Amino acid sequence: MATKDGLMGRLLGNAEKFSDKQIAETIDLLVTHGLQRGASDIHIEPHDRFVLVRYRIDGTLRGIHKLPRASLPAVIAELKRRAALHAEDTRLPQEGSYELTNEDQAVVITVATMPVYGGEKAVLHIAMHAGKPRQLETAGFWGNGLKTLQTVLASPHGLVVVAGPRHNGVDSTLFSLLDQVNSPMVSIATVEAYQKHRLPGTSQTYLSASGLDYHTGLQAALKQDPNVIMLSDLPDSATASLAIHAATTGHLVIVGIHAQGAIAAALRMRVAGIEPFLLATGMRASVGQRLVRRLCTSCLLYT
């Protein structure tokens, strides 16, 4: 850590003003370190005497770097410039994204800023353009659960829910399910918060780029009469009601929900105002999932 903070110090020093080149190189270095460590998020947050940079690795936040406190406005301004946000607006949360290339692989960096005590906090979400989604067997499904899910996906209509806490691979599982039903004879539309995976043969809509919300995006997708619709989240009652309506009128609807498990997902649908008879007729499956830490075979430590 000392070596890397020393490198940050050489880039920024202890001056009160920093050049555009210094700030750009610092941000590039932070992202590069995140990619090398397999981080999913980078948190840049102000403290009284310094700016703390933490990386979320395997679901756990770890403090890695400290930047000079005076560098925060310039770092936030540069991140906003890259993500096409309003640099002068420091009073409201903003979200945008930009792309870069790392070792010939495309990477999407989603930037979310938030006014906090001491300035603005920025969180960078790192999403690699993954290759072909994993097969259900290699994603952890087996036995009767796998057979049941394959039977459900063969149905032309119904609601399939994938539930899990944040940072537990829900999006990856959604694309594994889509890959299972993807074919030239099936029209697939997705409505996603931002770009994480690319699945050839599907029509993908990203809310962060289009300015839509989930409900409006789902309405627009239904007008194009797809066979399969995927939503990366169900944020409100209106979207949940429209999703269950689509599932009972001839569409296969696959949605992700941030919940503690399969039963909690059904309860969330009830809280959203979905009547029990609609759940009974429309919901085909509710899948609960978690990412489980495992022992490293080399050092016998949790990874």
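Residue numbers start at 1 and run along the sequence shown. These numbers were taken from a predicted model, which means no experiment stands behind them.
More than 12 heavy atoms of other residues, nucleotides or ligands lie within 6.0 Å of CG in Asp89, so this atom counts as buried by the packing criterion. Heavy-atom neighbours of His258 NE2 from other residues, nucleotides or ligands within 6.0 Å: above the threshold of 12. Enclosure of atom CD in Gln224 is not indicated, since only 12 or fewer non-hydrogen atoms of other residues, nucleotides or ligands lie within 6.0 angstrom. Other residues, nucleotides and ligands contribute over 12 non-hydrogen atoms within 6.0 Å of the CG atom of Leu61.
Ala265 and Val161 get closest at one heavy-atom pair: CB-CG1, 3.8 Å. Closest heavy-atom contact between Val191 and Leu218: CG2-N, 4.1 Å. Contact record, Ala272 with Ala240: CB-CB, 4.0 Å, taken as the closest heavy-atom pair. Pairing each heavy atom of Pro115 with each of Leu92, the nearest pair is CD-C, 4.0 Å. Shown here for Ala83 and Tyr98, the closest heavy-atom pair between the two residues is N-CD2, 4.3 Å. When all heavy atoms of Asn182 and Gly201 are compared, the pair lying nearest together is OD1-O, 4.0 Å.
Using a 4.5 Å heavy-atom threshold, the side chains of Lys80 and His86 count as separate. The shortest side-chain heavy-atom distance between Phe141 and Val287 falls under the 4.5 Å cut-off. Within the 4.5 Å cutoff, no side-chain heavy atoms of Leu174 are placed close to those of Val255. Side-chain contact check for Ile229 versus Ile254: every heavy-atom pair is 4.5 Å or farther apart. A heavy-atom distance below 4.5 Å is found between the side chains of Leu52 and His47. Counting heavy atoms from C-beta on, the side chains of Tyr214 and Ser232 come closer than 4.5 Å. Using a 4.5 Å cut-off on side-chain heavy atoms (C-beta onward), Arg62 and Arg54 make no contact. Residues Leu146 and Asn144 have side chains not in contact (no heavy-atom distance under 4.5 Å, counting atoms from C-beta outward).
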Taking it one step at a time, do Val75 and Val51 satisfy side chain to side chain contact (heavy atoms under 4.5 Å, CB included)? CA-CA 10 Å; Val75 170; Val51 176; over 6 Å; no
Under the criterion side chain to side chain contact (heavy atoms under 4.5 Å, CB included), I'd like the reasoning laid out for Glu45 against Lys121: C-alpha separation, chi angles, the key distance, then a yes or no. CA-CA 5 Å; Glu45 49 200 49; Lys121 175 182 177 179; 3.4 Å; yes
Does Ile274 form a side chain to side chain contact (heavy atoms under 4.5 Å, CB included) with Ser241? I'd like the steps, not just the answer. CA-CA 6 Å; Ile274 307 303; Ser241 178; 4.2 Å; yes
Could you check Glu120 against Thr90 for side chain to side chain donor-acceptor pair (under 3.5 Å), going step by step and ending with a plain yes or no? CA-CA 7 Å; Glu120 287 184 276; Thr90 61; 5.0 Å; no
Between Val31 and Leu124, does a side chain to side chain contact (heavy atoms under 4.5 Å, CB included) hold up when you go through it step by step? CA-CA 9 Å; Val31 173; Leu124 282 61; 4.0 Å; yes
Determine, stepwise, if the pair Arg82 / Glu99 fulfils salt bridge (charged side-chain N to carboxylate O under 4.0 Å, His left out). CA-CA 9 Å; Arg82 296 187 182 193; Glu99 294 191 25; over 6 Å; no
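Not a single donor-acceptor pair under 3.5 Å links the side chain of Asp28 to the backbone N or O of Leu30. A side-chain donor-acceptor contact under 3.5 Å links Asn168 to the backbone of Arg166. Arg81 places no side-chain N or O within donor-acceptor distance of the main-chain N or O of Leu85, the cut-off being under 3.5 Å. When atom types are taken as modelled, the side chain of Ser71 and the backbone of Pro68 share a donor-acceptor pair closer than 3.5 angstrom. Between the side chain of Asn227 and the main chain of Ser187, a donor-acceptor pair closer than 3.5 Å is present. The closest donor-acceptor contact from the side chain of Asp41 to the backbone of Ile57 lies at 3.5 Å or more, if one exists at all. Formation of a donor-acceptor pair under 3.5 Å by the Ser155 side chain with backbone atoms of Thr151 is not found in this model. Judged by distance alone, with hydrogens and angles left aside, the side-chain atoms of Ser183 form a donor-acceptor pair with the main-chain N or O of Met185 at under 3.5 Å. Distance alone, capped at 3.5 Å, places no donor-acceptor pair between the Glu95 side chain and the Thr110 backbone. Distance alone, capped at 3.5 Å, places no donor-acceptor pair between the Arg134 side chain and the Ser172 backbone.
Side-chain N/O atoms of Gln94 and Thr113 include no donor and acceptor closer than 3.5 Å. In summary, the side chains of Thr216 and Asp213 do present a donor paired with an acceptor at a separation below 3.5 Å, with no hydrogens or angles considered. Side chains of Arg268 and Gln260: no donor on one and acceptor on the other come within 3.5 Å.
Leu79 and Ile64 fall within a single hydrophobic cluster, where Ile, Leu, Val, Met, Phe, Trp and Tyr are joined by side-chain heavy atoms under 4.5 Å apart, directly or via other members. Met230 is not connected to Leu159 by any chain of hydrophobic side-chain contacts under 4.5 Å among Ile, Leu, Val, Met, Phe, Trp and Tyr, and they are in different clusters. Under the 4.5 Å side-chain heavy-atom criterion for Ile, Leu, Val, Met, Phe, Trp and Tyr, Val186 and Val152 are members of the same hydrophobic cluster. Val160 and Ile257 are members of different hydrophobic clusters when ILVMFWY side chains are connected at heavy-atom separations under 4.5 Å. Hydrophobic clustering (side-chain heavy atoms under 4.5 Å, transitive across Ile, Leu, Val, Met, Phe, Trp, Tyr) groups Leu178 together with Val170.
Atom-to-atom distance recorded for Leu72:CG and Leu67:CG is 8.5 Å, nearest 0.5 angstrom. The distance from atom NE2 of His65 to atom CD1 of Ile42, rounded to the nearest 0.5 Å, is 8.5 Å. The OG1 atom of Thr205 sits 8.0 Å away from atom CD of Glu192, with the distance rounded to the nearest 0.5 Å. Taking CG from Leu231 and OG1 from Thr190, the interatomic distance works out to 8.5 Å, rounded to the nearest 0.5 Å. In this structure, CZ in Arg284 is found 9.5 Å from CG in Leu252, a value given to the nearest 0.5 Å.
With Ile244 as the fixed residue, the side-chain contact (heavy atoms from CB on, under 4.5 Å) test singles out one of Thr249, Leu278, Val253: Leu278.
The aromatic rings of His197 and Phe175 sit tilted relative to each other, their planes meeting at an angle between 30° and 60°.
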